[in-house]
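Every value quoted in this text rests on a predicted model; they were computed, and no experiment measured them. Counting from 1, the numbers follow the sequence of the chain as shown.
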Amino acid sequence: AVLRSPVVGLDAEQYIKLEQIAEKEGNNIFLFSALPAFLKETKLPETTYTSLDNLLNCLYMLQSQKDQIPIGTLMERLIAATHLDARLLCRKDGRRRMANIIKLLQMAHADNIVGPGEFIRRLRDVERISEREGEAPTEEEGANVVRILTMHGSKGLEFPVVILGDLSCNLKKKFAQNFLCDGNDIQLGIHFNDKHNLLYKAIQKLKEDKELEESMRLLYVAMTRAKDYLVCCGSVEHYQDTTWYKLICTALGIQEVDSGPCLKTLSGKLQALITPMEYYTREAGDAAAGRGERSSDDCILSQFQSWLNPVG
């Protein structure tokens, strides 16, 4: 990975040549041990040769220091010697890549570990016992901005206001396969000429229940990203389907939506404001008409902001 990265920049043909040299020198030899021979036997572009030679010299120097200085300092010297920061920032999504490097450095400095072996073991322990670490935020993402994310992509993050849209999509998938198999028990359901046998229906029900459970977990992840306000958008027209909106309404005891805002007190002294979208568009249109203006998204936004304040 390092050799193919911007630190060196070997292409596929050069990398294959390196593997051939390593195999010739011994089946158990590391690619790192074959690099000096590779430099001598292979004609490389000047920039690639210089980068690889610089990396080798840097690694030889750091190897002699690896058990004497903290891993964070060791990594900083490696980054400085290879100009990794500048190389990453010049690439696509460079700010994100550099933010992750900085996050790794912060982890290295946190415990003042000496020796890369111990640090690698620590990282593996963290990976085993904790959820996947989210990407480090870039400077822009940490600013006062609006971010559009998938539910999976929001895992581990928090925001003052979270808006969940399209909660009325049907969660039940249509099974068009001619056969359905239950992996736990070797059973096969058959669908033929628009008819299902009982086993097909039973396996279909198991799969639907499993997918619904996964959908519930995903909805929980999305809803718990909100620190202060959570806005859920759905449509009563799709209430007969199995939707996230229906699951939320059932939990809140909502059967229908009034023509205006309705404040509902939940457990834990939380409050939910249930309002039809038409209310905001109507209020925005009336306000715009009073000013002799056309209704716009700015009007709707002002209504939304005025709603956030009194709820507290």
Side-chain angles (χ1 to χ4, degrees), residues 1-19 21-22 25 29-128 130-143 145 147 156-157:
V2 173
L3 295 175
R4 296 299 305 276
S5 75
V7 173
V8 178
L10 291 187
D11 59 29
E13 186 176 341
Q14 294 161 351
Y15 185 79
I16 292 173
K17 176 68 174 176
L18 171 61
E19 287 202 329
I21 292 175
E25 296 197 2
I29 193 170
F30 289 110
L31 289 180
F32 177 75
S33 304
L35 286 176
F38 173 73
L39 277 173
K40 291 180 181 179
E41 300 178 20
T42 309
K43 186 175 182 181
L44 298 171
E46 183 178 352
T47 54
T48 305
Y49 181 93
T50 301
S51 297
L52 182 54
D53 186 56
N54 180 51
L55 175 65
L56 270 177
N57 293 331
C58 174
L59 291 177
Y60 287 142
M61 176 190 69
L62 295 179
Q63 275 185 332
S64 63
Q65 304 173 358
K66 65 184 179 69
D67 296 321
Q68 302 171 13
I69 60 177
I71 184 65
T73 305
L74 203 70
M75 291 169 61
E76 284 182 348
R77 293 181 181 179
L78 178 61
I79 291 170
T82 58
H83 307 292
L84 178 62
D85 48 356
R87 295 175 188 271
L88 288 180
L89 288 171
C90 289
R91 294 175 67 84
K92 182 181 179 181
D93 201 18
R95 290 181 178 272
R96 165 74 69 192
R97 295 168 187 258
M98 195 58 214
N100 286 329
I101 293 292
I102 293 173
K103 183 175 182 178
L104 186 64
L105 281 173
Q106 291 172 343
M107 294 175 65
H109 282 298
D111 295 328
N112 205 30
I113 297 173
V114 174
E118 177 61 27
F119 183 59
I120 291 172
R121 283 191 290 273
R122 184 70 59 85
L123 289 178
R124 286 174 178 166
D125 289 340
V126 170
E127 186 179 24
R128 280 196 298 268
S130 66
E131 296 181 353
R132 184 181 69 87
E133 278 287 331
E135 295 280 4
T138 61
E139 182 179 351
E140 291 85 351
E141 291 168 346
V145 296
R147 296 180 61 185
L157 304 176

Side-chain touch L10/K17, heavy atoms, less than 4.5 angstrom: no
Test item: L55 and L35 side chains (from C-beta on) under 4.5 Å apart, heavy atoms: no
L88 side chain reached by R95 side chain, heavy atoms, under 4.5 Å: no
Under 3.5 Å donor-acceptor, R87 side chain and T82 backbone: yes
Any side-chain heavy-atom pair of Y49 and N54 under 4.5 Å: no
E118 and I71: CA distance, side-chain angles, deciding distance, side-chain contact (heavy atoms from CB on, under 4.5 Å) verdict: CA-CA 9 Å; E118 177 61 27; I71 184 65; over 6 Å; no
Heavy-atom donor-acceptor pair, S51 side chain to T47 backbone, under 3.5 Å: yes
Euclidean distance, M98 CE relative to D85 CG, rounded to 0.5 Å: 5.0 Å
P6 side chain near R91 side chain, heavy-atom distance below 4.5 Å: yes
Spacing of M75 atom CE and I69 atom CD1 [to the nearest 0.5 Å]: 12.0 Å
Intermediate values then yes/no, side-chain contact (heavy atoms from CB on, under 4.5 Å), L59 and F32: CA-CA 10 Å; L59 291 177; F32 177 75; 3.6 Å; yes
Non-hydrogen side-chain atoms of Q14 and P45 separated by less than 4.5 Å: yes
Donor-acceptor contact below 3.5 Å, side chain T48 vs main chain L44: no
Closest approach of F119 to A108 (non-hydrogen atoms, all atoms of both residues): CE1-CA, 3.6 Å
Non-hydrogen side-chain atoms of L84 and L78 separated by less than 4.5 Å: no
Validation row: L3, L52 side chains within 4.5 angstrom (heavy atoms): yes
Rounded distance [0.5 Å steps], OG1 in T73 versus CD in Q65: 10.0 Å
Any donor-acceptor pair under 3.5 Å from S5 side chain to V7 backbone: yes
Distance, nearest 0.5 Å, that separates CD of E76 from CD1 of I101: 12.0 Å
Distance (rounded to the nearest 0.5 Å) between E41 CD and L18 CG: 10.5 Å
Heavy-atom donor-acceptor pair, E19 side chain to Y15 backbone, under 3.5 Å: no
From CA spacing to verdict: side-chain contact (heavy atoms from CB on, under 4.5 Å), L56, L39: CA-CA 10 Å; L56 270 177; L39 277 173; 3.5 Å; yes
